[in-house]
Amino acid sequence: MKMTKIFFVTLISFVFIFCAVEYCQAHVDEGKEGEKQIYRLDKVIVRDHPLKDESMVVTPNVTIINVEKFQKAGVVQNIQDVLSEVLGLNVLRTSITPSQSETVYIRGMDQSRFQIFVDGRPMRLFGAYGYYKIDWTTMPLNNVETIEVIRGSHSLLYPWSMGGAINIITKKGKKTDEIKPDMSVTTEFGSYGAQSYSVNALGGLFNRIGYSLSAAHREGDGYLRGNYYDTDSANARFTLYLPNGGHLSYGWDYVDTNTGYPLVNDPDRADFDPDYPVVTTEVDSFTHDRQGKTYPGGENLWDKITIEEGLLLEQPLGPGEVRAQLYQHRSKRVWYYVDESGKQQVRGPHEERNQGVAMDYLDFELIKDHAFSIGGDYRTMGRPNNPDTMEIFSGYFQDVWSINYPLTLTFGARYYHFEVDAYRPNPRGWNSEYGYRRIEKEWCPKVKLDYELDSTLTLYAAVSREMRMP
């Protein structure tokens, strides 16, 4: 009931914004139309990127990658291949098979300490059944326009981001009156039975609607014993172009992935298979799941279905820009594995229902040389029978003060309110009588001073405080 009210209020907010845009249209300064657009690169940029013909732009605050023009030695097949070339990022892989356990580090911090977005929608959710990593391989690269990497926790625009943020901006169509879309069909084949097939369509209608559609299938046997993968995905983006440069976008993503865990293949065991490399229980896979710890004799796999939906509005309004978003995450996860005794184990199915709403008013100048931003978001995470297992609210204000070129001061604070169902310690085991609602509140101020020596070198000093969700 609570989320129903939240979404109802939010929908009213969307209608209000549409009305405000129409009424404020006459007040927009037409003289700004021909001016050079300013991109403040300390925030998630969910709009046309300023890369032009460049494949990568690096600034003190953010690295922006144009995926279509990105090149590196070897074949670029997935997002990890791109991220591995970004300064300050490390991609850890335990095998050639795509896996939900692959970890991306920003300045040595893993995915539990930085945020991941798709078109500004948070993807690294904490989950009612505990934290789980992003499966990067289920995000098709041919549907991605740009990738933004923000290092450090000094921006106030990213909640729960101790190490930084990664924003994946997808293709949303194009503004055109040509009915014929741009079509592409891709097939790839590699070693160990690797093969993939994908189809993409990018186009628009009546100079008012844009769309991007894609579907893909990937499979392979893997290098290690039992480490196969089989993934189907479908993605859709529809964009309505609004007056005065705004747009309303709807995104839908579906992924059905099945990944086999690498099996213990020990020469000292009777079930050893010499056709595969040796894997013993002493091998450190640097993961916290069953990878490298499962045994032959049954099913050893990770099976997951995920559906993501999001509605995003971006609209210039008065002296700034409004960004509002609704999103929903649904997933079902099951683990199958054989333990050391040879017994088949099953964990799950675990179903997640996560929903959220966010609204920001960005870069409005009420005082000369000061760019203000304010906003907040509310989200719930839970199970179908308890959708409010976790409730999170956060709000912030930020001021970017251009003191005197080349000196800039960014400061502000973010407030967190976090609630979760929890249990007090009970020596006799879990008992509902020990359940309670855990509540945490925190203010996190941040200050950053930048001094631009030239166009290629900037010095900065920053002090910030950030909260990590329990």
Side-chain angles (χ1 to χ4, degrees), residues 72-84 89-105 110-111 131-141 187-197 216-233 255-306 333-348:
K72 58 171 285 188
V75 180
V76 179
Q77 293 182 322
N78 49 50
I79 290 178
Q80 300 101 305
D81 292 333
V82 178
L83 294 178
S84 63
L89 265 69
N90 294 306
V91 178
L92 174 66
R93 300 185 181 182
T94 56
S95 75
I96 65 171
T97 301
S99 169
Q100 74 283 348
S101 300
E102 293 178 346
T103 303
V104 175
Y105 290 86
D110 65 17
Q111 295 177 41
Y131 159 72
Y132 58 94
K133 298 180 177 66
I134 289 293
D135 187 351
W136 296 95
T137 63
T138 60
M139 299 180 185
L141 190 61
T187 60
E188 294 181 350
F189 300 91
S191 57
Y192 305 105
Q195 52 187 297
S196 65
Y197 311 88
H217 171 79
R218 302 179 67 201
E219 64 178 76
D221 296 331
Y223 172 67
L224 300 176
R225 184 180 180 184
N227 198 199
Y228 71 91
Y229 60 96
D230 191 331
T231 300
D232 294 305
S233 63
V255 176
D256 185 352
T257 182
N258 190 310
T259 304
Y261 285 121
L263 303 179
V264 170
N265 196 35
D266 193 336
D268 295 333
R269 291 175 55 92
D271 54 18
F272 174 68
D273 190 338
D275 293 333
Y276 292 94
V278 172
V279 175
T280 67
T281 54
E282 286 75 26
V283 173
D284 190 348
S285 62
F286 298 99
T287 65
H288 301 288
D289 56 18
R290 301 300 306 176
Q291 184 166 313
K293 302 173 184 176
T294 57
Y295 294 81
E299 289 188 295
N300 292 278
L301 59 94
W302 153 286
D303 189 10
K304 180 180 178 182
I305 296 177
T306 303
R333 298 176 283 161
V334 186
W335 293 265
Y336 302 90
Y337 64 94
V338 177
D339 61 23
E340 189 174 6
S341 67
K343 185 178 180 181
Q344 178 74 64
Q345 303 284 356
V346 180
R347 292 172 57 194

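Atoms considered below: every heavy atom in the structure, side chains included; atoms not considered: hydrogens, waters and symmetry mates. The model shown is predicted, which means the values in this text are computed figures rather than measured ones.
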State, with a plain yes or no, whether a side-chain heavy atom of [X] is found less than 4.5 Å away from one of [Y].
X	Y	value
Leu301	Tyr228	yes
Leu263	Val279	no
Leu224	Pro277	yes

State whether the side chain of [X] and the backbone N or O of [Y] hold a donor-acceptor pair below 3.5 Å, judged by distance alone.
X	Y	result
Asn265	Val278	no
Asn300	Val338	yes
Glu299	Gln344	no

State which residue, out of Trp335, Tyr336, Tyr337, Trp302, fulfils the side-chain hydrogen bond (donor to acceptor under 3.5 Å, both in side chains) condition with Tyr261.
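Single side-chain hydrogen bond (donor to acceptor under 3.5 Å, both in side chains) partner of Tyr261 among Trp335, Tyr336, Tyr337, Trp302: Trp335.
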Who passes ring pair (Phe, Tyr, Trp, His ring centres under 6.0 Å) against Tyr197, sequence neighbours left out?
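With sequence neighbours excluded, Tyr197 shows a ring pair (Phe, Tyr, Trp, His ring centres under 6.0 Å) to Phe189, given in chain and number order.
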Among residues at least two apart in sequence or on other chains, which ones pass side-chain hydrogen bond (donor to acceptor under 3.5 Å, both in side chains) with [X]?
X	result
Asp303	none
Ser341	Asp339
Asp232	His217

Listed by chain and number, what are the side-chain contact (heavy atoms from CB on, under 4.5 Å) partners of Ser196, not counting sequence neighbours?
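In terms of side-chain contact (heavy atoms from CB on, under 4.5 Å), with neighbours along the sequence ignored, Ser196 is linked to Glu188, Arg218.
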For Pro274, check side-chain contact (heavy atoms from CB on, under 4.5 Å) against everything at least two apart and list the hits.
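Expected list: Phe272.
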Closest heavy-atom contact between Pro262 and Thr294?
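Scanning both residues completely, I find the closest heavy atoms to be O-OG1, 3.2 Å.
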Say you draw a straight line from [atom1] of [X] to [atom2] of [Y]; how long is it, rounded to the nearest 0.5 Å?
X	Y	atom1	atom2	answer
Glu219	Gln195	CD	CD	4.0 Å
Arg333	Thr257	CZ	OG1	13.0 Å
Asp230	Thr259	CG	OG1	8.5 Å

All salt bridge (charged side-chain N to carboxylate O under 4.0 Å, His left out) counterparts of Asp271, not counting sequence neighbours
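Result, salt bridge (charged side-chain N to carboxylate O under 4.0 Å, His left out) vs Asp271: Arg269.
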